[in-house]
There are 2 protein chains.
Amino acid sequence: MKKLTKNQQRTADFISRYIKEHLYSPTYKEIAEHFKVNVNAIQQTVAALVKKGALERNERIARGLRVKQVPNAELLHGSVKMITIPLYGNVAAGEPVFADNNIEGYITVDKPRRLSGEMFAVTVRGDSMTDKKIIERDKLIIRKQSTANDGEIVVALLDDEVTVKIFKKNNGKPYLQPANNKYDPIRRPFKILGIVVGLTRDYTEV
Amino acid sequence: MKKLTKNQQRTADFISRYIKEHLYSPTYKEIAEHFKVNVNAIQQTVAALVKKGALERNERIARGLRVKQVPNAELLHGSVKMITIPLYGNVAAGEPVFADNNIEGYITVDKPRRLSGEMFAVTVRGDSMTDKKIIERDKLIIRKQSTANDGEIVVALLDDEVTVKIFKKNNGKPYLQPANNKYDPIRRPFKILGIVVGLTRDYTEV
DNA sequence: ATAATTACTGTATATTTATACATTGTAATT
DNA sequence: AATTACAATGTATAAATATACAGTAATTAT
């Protein structure tokens, strides 16, 4: 991105701070009043900022400015790239998995690239996926889907229990493969709930 | 909070989804058009939602609605629990590590509990930490600090290079321990830049 | 049963907001 | 020396937006 002039930088900073505080963009007039200049001075500065890629402008939309690049490394919460999804807890046997009362909390993550669809998260229990570098208490970001390709890591419903395994189907009957040789492949019937698209780990947890 | 009626719920949901998508609130007219009703029907529903505490309305501010309680477990971006931090890229030898032009991007993560201080992120290169289940391309969330306890995973500056290792100091001279037995402990001088407090992994990356 | 809340229609209006046009001056490039 | 990007001013205007008033009807609570 082209470097911003001092004036452009302070304008972008003000807009950024304003949005952070109000959760909606300032109007041209408000920005102008803040800097005690004419509205059109701001219009031109904003136009320059849009051109340089620092701001996004929604034409003819009131209060439609938004920050693209973070001017002074400020926050950009609420970015389109973020997504908030439910974290499902331990699912009791027999209960529907996606019941609202199974929601343990919500986590917000960077939306994985090139992916859409409904997403959710589960907490890993046990050590059956350690060879894939997935450990107890890791939170997995899952995209809901009922099929998977060979070798993909899936969340599956198995005997009324939710489990994370590697999905295998090399020409034969599909099965679930743990990533830890102290566990055997699982060949009982199961249902795929989704595939793993992301992972978060918190080293400050107990 | 008082329970929402069905109509109020679906209105709140629409507003929530709209804001999530556009990052600015819809106008009364837009909401009305979506549900194919009169503007004033929406005005009253919104007024009820404000009264019940589900929405916040900024009087006479265009597109000034915002979601307070998350109606159907929808988004809560911009939460105080989130933090946006710079992601530092490959640091060329000799260059200062935290120079702005080393910033590769920004990531937003749940703020680790009980932790404050300045934070940043780095991308993992190589396989020296695989025994700790940290692999290439994982992004580590680091809290800046210059000391560490025995056994903590640290980011350290070593010969003008940034590296991730286990910090060791059992009574003797501190050293850096890789978590992969194909690498030897490092006993050259180093400087701790921070300790690992979190990790994110994206399975959809190339 | 009666009042209050909810959900709606239609029309109108004041205010807010973005945007257009005409002009000036300065600093940075070419 | 000429051109372009930048930073302003002032005046207008169109479009977007919130809001006010008057009234109907169904549902829910007292």
Side-chain angles (χ1 to χ4, degrees), chain A residues 1-19 21-69 71-72, chain B residues 1-19 21-69 71-72:
Chain A
M1 181 180 69
K2 240 176 145 184
K3 223 183 143 232
L4 304 184
T5 68
K6 219 166 185 175
N7 175 64
Q8 288 166 358
Q9 183 68 60
R10 79 185 220 276
T11 306
D13 283 348
F14 172 75
I15 295 170
S16 178
R17 267 184 286 117
Y18 186 105
I19 293 176
E21 189 180 335
H22 297 85
L23 298 191
Y24 49 76
S25 144
T27 63
Y28 287 104
K29 206 185 158 207
E30 283 171 345
I31 307 169
E33 273 163 3
H34 178 261
F35 289 114
K36 299 190 200 313
V37 296
N38 192 279
V39 211
N40 297 280
I42 298 304
Q43 254 189 73
Q44 283 174 74
T45 305
V46 166
L49 285 167
V50 170
K51 206 174 162 194
K52 287 188 178 175
L55 291 184
E56 216 171 293
R57 177 173 149 260
N58 299 281
E59 279 177 60
R60 280 159 200 288
I61 297 286
R63 298 177 181 275
L65 296 177
R66 31 196 234 196
V67 176
K68 276 184 79 177
Q69 268 83 358
N72 262 343
Chain B
M1 181 178 72
K2 243 175 141 182
K3 224 184 141 229
L4 304 184
T5 68
K6 217 165 184 177
N7 177 62
Q8 288 166 357
Q9 182 68 62
R10 78 184 221 278
T11 307
D13 283 350
F14 172 74
I15 295 171
S16 178
R17 264 184 287 117
Y18 186 105
I19 293 177
E21 190 181 334
H22 297 86
L23 298 193
Y24 47 76
S25 144
T27 63
Y28 289 103
K29 204 183 159 207
E30 283 172 346
I31 307 169
E33 274 164 2
H34 178 261
F35 291 114
K36 299 191 202 309
V37 295
N38 191 280
V39 209
N40 298 281
I42 297 304
Q43 253 189 73
Q44 281 175 73
T45 305
V46 166
L49 285 167
V50 170
K51 206 175 162 192
K52 288 189 179 175
L55 289 183
E56 214 171 292
R57 178 174 148 260
N58 299 279
E59 281 179 58
R60 282 160 197 286
I61 297 286
R63 299 176 181 274
L65 296 178
R66 29 192 235 199
V67 176
K68 274 183 79 177
Q69 269 82 359
N72 257 345

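Here the structure is a predicted model, which is why all the values come from computation and not from measurement. All chains are named by letter (A, B, ...) in the order of the sequence lines, taking the proteins before the strands, and each is independently numbered beginning at 1.
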| remark: Between A:Arg63 and B:Ala62, the two heavy atoms sitting closest are CD-O, 2.9 Å

| field | Point-to-point distance, once rounded to the nearest 0.5 Å, from CD of A:Gln44 to CD of A:Gln8 | value | 11.0 Å

| A:Thr27 side, atom OG1; A:Ile31 side, atom CD1 - distance, nearest 0.5 Å |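 Reported value, rounded in 0.5 Å steps: 6.5 Å.
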
Apply side-chain contact (heavy atoms from CB on, under 4.5 Å) to [X] and list each qualifying residue two or more places apart in sequence or on a separate chain.
X       : result
B:Val46 : B:Ile15, B:Tyr28, B:Ile42, B:Val50, B:Leu55, B:Arg57, B:Leu65
A:Asn38 : A:Asn40
B:Lys51 : none
B:Glu33 : B:Lys29

| field | Residues forming a side chain to side chain donor-acceptor pair (under 3.5 Å) with A:Glu56, sequence neighbours excluded | value | A:Arg66

| message | Taking side chain to side chain donor-acceptor pair (under 3.5 Å) as the definition, give me every residue that meets it alongside A:Thr45, ordered by chain and number, with sequence neighbours left out. | response |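 Listed in chain order: A:Asn7.
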
Give a yes/no on whether any side-chain N or O of [X] is located under 4.0 angstrom from OP1 or OP2 of [N].
X       : N     : answer
B:Thr5  : C:dT5 : no
A:Asn7  : D:dA7 : yes
A:Lys36 : D:dT9 : no

| note | Nucleotide by nucleotide, nucleotides 21-30 of chain D touches protein heavy atoms under 4.0 Å in the pattern (B base, S sugar-phosphate only, - none) B---------

Distances under 3.5 Å between protein N/O atoms and the N/O atoms of nucleotides 13-18 of chain D, please, pair by pair.
{"unit_1": "D:dT17", "atom_1": "OP1", "unit_2": "A:Ala62", "atom_2": "N", "d": "3.1"}
{"unit_1": "D:dT17", "atom_1": "OP1", "unit_2": "B:Arg63", "atom_2": "NE", "d": "2.8"}
{"unit_1": "D:dT17", "atom_1": "OP1", "unit_2": "B:Arg63", "atom_2": "NH2", "d": "2.9"}
{"unit_1": "D:dT17", "atom_1": "OP2", "unit_2": "B:Arg63", "atom_2": "NH2", "d": "3.2"}
{"unit_1": "D:dA18", "atom_1": "OP1", "unit_2": "B:Arg63", "atom_2": "N", "d": "2.8"}
{"unit_1": "D:dA18", "atom_1": "OP2", "unit_2": "B:Tyr28", "atom_2": "N", "d": "3.1"}
{"unit_1": "D:dA18", "atom_1": "O3'", "unit_2": "B:Arg60", "atom_2": "N", "d": "3.4"}

| task | Quickly, which of A:Arg17, A:Arg10, A:Gln9 forms a side-chain hydrogen bond (donor to acceptor under 3.5 Å, both in side chains) with A:Asp13? Name it, please. | result |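 Of the listed options, the one satisfying the test is A:Gln9.
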
| field | All ring-ring contact (aromatic ring centres under 6.0 Å, His included) counterparts of B:His34, not counting sequence neighbours | value | B:Phe14

Report the distance from atom [atom1] of [X] to atom [atom2] of [N], rounded to the nearest whole Å.
X       : N      : atom1 : atom2 : result
B:Ile42 : C:dG10 : CD1   : P     : 14 Å
B:Leu49 : C:dT5  : CG    : P     : 16 Å
A:Glu33 : C:dA18 : CD    : C1'   : 15 Å
A:Lys6  : C:dT26 : NZ    : C1'   : 17 Å

Detail all sub-3.5 Å separations between protein N/O atoms and N/O atoms belonging to nucleotides 2-4 of chain C.
none

| message | With each end axis built from five pairs of C1' atoms, what bend angle do you get for the helix from C:dA1-D:dT30 to C:dT30-D:dA1? Round to 10°. | response |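 Rounded to the nearest 10 degrees, the bend comes out at 40°.
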
| Between B:Tyr24 and B:His22, how do the two ring planes meet: parallel, tilted or perpendicular, split at 30° and 60°? | tilted

